[in-house]
Amino acid sequence: VFVEHANPYIQQWNLNVQRELPGDMVFEIAYLGSKGTRLIWGESGVVLNQLPPEFQKLGTSLQDLVPNPFFGIITNPTSTLSRSMVTRGQLLRPFPQYTGVSAFRKPFGFSTYHALTLRVDKRFANGISFLGSYTKSKLIDDVSTTVNFLGQASSQQNAYDRRAERAVSTQDVAQRLVISYVYELPIGRGKPFLNNFSSANWLASGWQINGISTFQSGIPLVIVSGQNNAGIFSPGQRLNNLTGRSARITGGKTSDRIAQWFDTSVFTFAPAFTFGNAPRTLPDARNPGTRLFDISIFKNNYLREGKFNAQFRAEFFNAFNTTQFNGPGTNRPSGDFGVISGASGPRQIQLALKLMF
């Protein structure tokens with residue numbers, strides 16, 4: 001196993017074209033790209049003591065007990081190498097005197113990213129501003145996260161075959177649309193409507209509506225095999241998808257979809273002393289996406305000829321209480337395999353008073 005020790009680096013490039021439109025608007029179309037070289041490998045580290053895959057043909061003979069040449073030399077009672085007999089597979093490892101050897105967080109991974117972005121920006125004028133941005137992209141890598149708490153990760157299957165790890169990244173978001181806006185209501189003091197009703201000026205003036213709407217496709221599913229019987233001390237063993245059929249399911253009632261988010265029947269456990277042929281991530285079968293509407297209402301109250309602003313805010317996060325489903329179970333032997341069993345992000349309302357001077 002070859003481990004690179006040079007520093008990681010990222011190359012980025014982009015090309016964009018802008019066009020000014022009537023109504024204080026700007027349209028932009030852009031291409032973005034980047035390439036990550038020697039990215040930090042994940043939490044489990046790089047496995048250095050796996051048997052080469054050609055030893056899998058020995059099958060169960062790898063598990064035969066043979067005399068241990070390290071008996072009496074390695075005396076740690078918790079180690080299998082302190083016993084008089086040891087498996088044949090252990091003695092065939094690159095470092096047979098160790099039960100595990102790994103390099104922790106070494107620069108070992110690569111990534112490529114390509115994206116098309118569209119943007120429409122209406123500058124603030126006449127009480128209105130608007131920004132809409134759309135991204136269609138693909139992120140491919142062979143190592144997705146350094147630590148699991150940064151997002152879903154996947155384990156390597158064969159330490160000798162890094163090319164087999166190349167797949168759509170666990171963090172890939174294929175499409176994302178974000179629309180934000182600010183709208184000052186045209187009523188009250190200095191506005192086209194109700195500006196002559198002095199008794200209503202205070203109540204009618206200073207109202208503002210803001211919002212951010214987010215629509216985003218889900219990240220790819222990482223299907224996990226609950227067993228590793230590859231037999232050569234490999235980091236993992238993936239499932240088989242012998243039919244080559246996609247696990248994606250579309251349409252149907254919500255109650256049916258959460259009970260079976262993807263087609264679990266296409267996956268089977270890989271036989272002993274083999275590797276599974278399922279990819280590291282599923283590019284078309286993905287976690288639920290995001291559909292969020294965050295809305296706020298401001299009331300600006302200008303005091304002392306505009307020197308002070310006592311601003312009242314009512315903010316509604318997930319204003320329409322749209323269900324944000326969690327991801328389905330992805331562990332093959334688990335009872336919730338393919339089942340969505342929860343949701344998050346209910347509506348939240350926040351009230352605040354802010355004094356600006």
Side-chain angles (χ1 to χ4, degrees), residues 1-5 8 36-63 87-112 139-148 152-172 220-244 247 266-283 285 330-333:
V1 179
F2 176 68
V3 181
E4 307 218 29
H5 294 284
T37 303
R38 293 191 289 269
L39 303 177
I40 301 299
W41 197 258
E43 183 82 355
S44 59
V46 181
V47 174
L48 302 176
N49 208 20
Q50 175 194 311
L51 284 175
E54 53 264 29
F55 281 100
Q56 287 180 320
K57 65 185 178 183
L58 297 178
T60 56
S61 65
L62 290 171
Q63 301 170 346
T87 63
R88 177 178 284 109
Q90 174 64 40
L91 298 183
L92 293 173
R93 300 177 81 170
F95 305 98
Q97 70 273 36
Y98 298 107
T99 56
V101 179
S102 63
F104 187 59
R105 293 184 185 172
K106 294 297 182 180
F108 195 58
F110 293 83
S111 70
T112 58
L139 174 61
I140 297 175
D141 60 25
D142 53 18
V143 53
S144 291
T145 58
T146 304
V147 288
N148 291 339
Q152 65 172 1
S154 54
S155 61
Q156 189 181 20
Q157 177 170 242
N158 179 5
Y160 291 91
D161 188 5
R162 191 173 64 192
R163 291 178 63 86
E165 302 304 307
R166 181 178 170 83
V168 174
S169 171
T170 63
Q171 307 305 311
D172 177 67
L221 292 171
V222 179
I223 304 300
V224 179
S225 174
Q227 66 179 30
N228 181 3
N229 58 5
I232 54 174
F233 309 100
S234 58
Q237 183 189 42
R238 299 201 187 106
L239 295 170
N240 267 342
N241 182 355
L242 297 177
T243 65
V266 305
F267 299 105
T268 59
F269 286 113
F273 305 103
T274 66
F275 286 126
N277 66 357
R280 184 169 61 92
T281 62
L282 303 184
T330 54
N331 194 317
R332 177 64 172 85

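Index from 1, following the sequence. Side-chain atoms are counted along with the backbone in the values below, which use heavy atoms only and exclude waters and symmetry mates.
- Evaluation of the side chain to side chain donor-acceptor pair (under 3.5 Å) rule for Arg166 yields no partner, not counting sequence neighbours.
- Closest non-hydrogen pair, Val47 versus Pro235, comes out as CG2-CG, 3.5 Å.
- Across all non-hydrogen atoms, the minimal contact from Phe110 to Thr37 is CE2-CG2, 3.4 Å.
- Asn331 and Pro333 get closest at one heavy-atom pair: OD1-CD, 2.7 Å.
- Residues Leu39 and Ser111 have side chains in contact (heavy-atom distance under 4.5 Å, counting atoms from C-beta outward).
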Return a table of donor-acceptor pairs under 3.5 angstrom between the side chains of residues 50-58 and protein atoms on other chains or two or more places apart.
{"unit_1": "Gln50", "atom_1": "OE1", "unit_2": "Ala159", "atom_2": "N", "d": "2.9"}
{"unit_1": "Gln50", "atom_1": "NE2", "unit_2": "Asn158", "atom_2": "OD1", "d": "2.8"}
{"unit_1": "Gln56", "atom_1": "NE2", "unit_2": "Ala230", "atom_2": "O", "d": "3.2"}

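- For residues 220-235, the set of pairs meeting the side-chain hydrogen bond (donor to acceptor under 3.5 Å, both in side chains) definition, not counting sequence neighbours, comprises Asn229-Gln237.
- Looking at Thr330, its side chain does come within 3.5 Å of a backbone N or O of Val222 through a donor-acceptor pair.
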Output a table of donor-acceptor pairs, distance under 3.5 Å, between side-chain atoms of residues 270-277 and any protein atom two or more places apart or on a different chain; print 'none' if there are none.
{"unit_1": "Thr274", "atom_1": "OG1", "unit_2": "Pro271", "atom_2": "O", "d": "2.6"}
{"unit_1": "Asn277", "atom_1": "OD1", "unit_2": "Asn241", "atom_2": "N", "d": "2.6"}

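- Scored by the side-chain contact (heavy atoms from CB on, under 4.5 Å) test, Arg280 finds Asp141, Ser144, Ser154, Glu165, Ala167, Thr170, Arg238 as partners (sequence neighbours excluded).
- Here the side chain of Thr281 pairs a donor or acceptor atom with the backbone of Val168 at under 3.5 angstrom.
- A donor-acceptor distance shorter than 3.5 angstrom exists from the side chain of Asp172 to the backbone of Leu139, with no hydrogens or angles considered.
- Closest heavy-atom contact between Ile40 and Val143: O-CG2, 3.8 Å.
- Note that CG of Leu239 is 7.0 Å distant from OG1 of Thr268, once rounded to the nearest 0.5 Å.
- Stacking of Arg162 on the aromatic ring of Phe108 is recorded, both the 6.0 Å distance cut-off and the 45° axial limit being met.
- Scanning all heavy atoms of the two residues, the minimum distance from Leu282 to Phe267 falls at CD1-CZ, 3.7 Å.
- Pairs engaging residues 89-100 under the side-chain hydrogen bond (donor to acceptor under 3.5 Å, both in side chains) rule: Gln90-Arg93 [sequence neighbours left out].
- Minimum heavy-atom separation, Ser169 to Pro220: O-CG, 3.4 Å.
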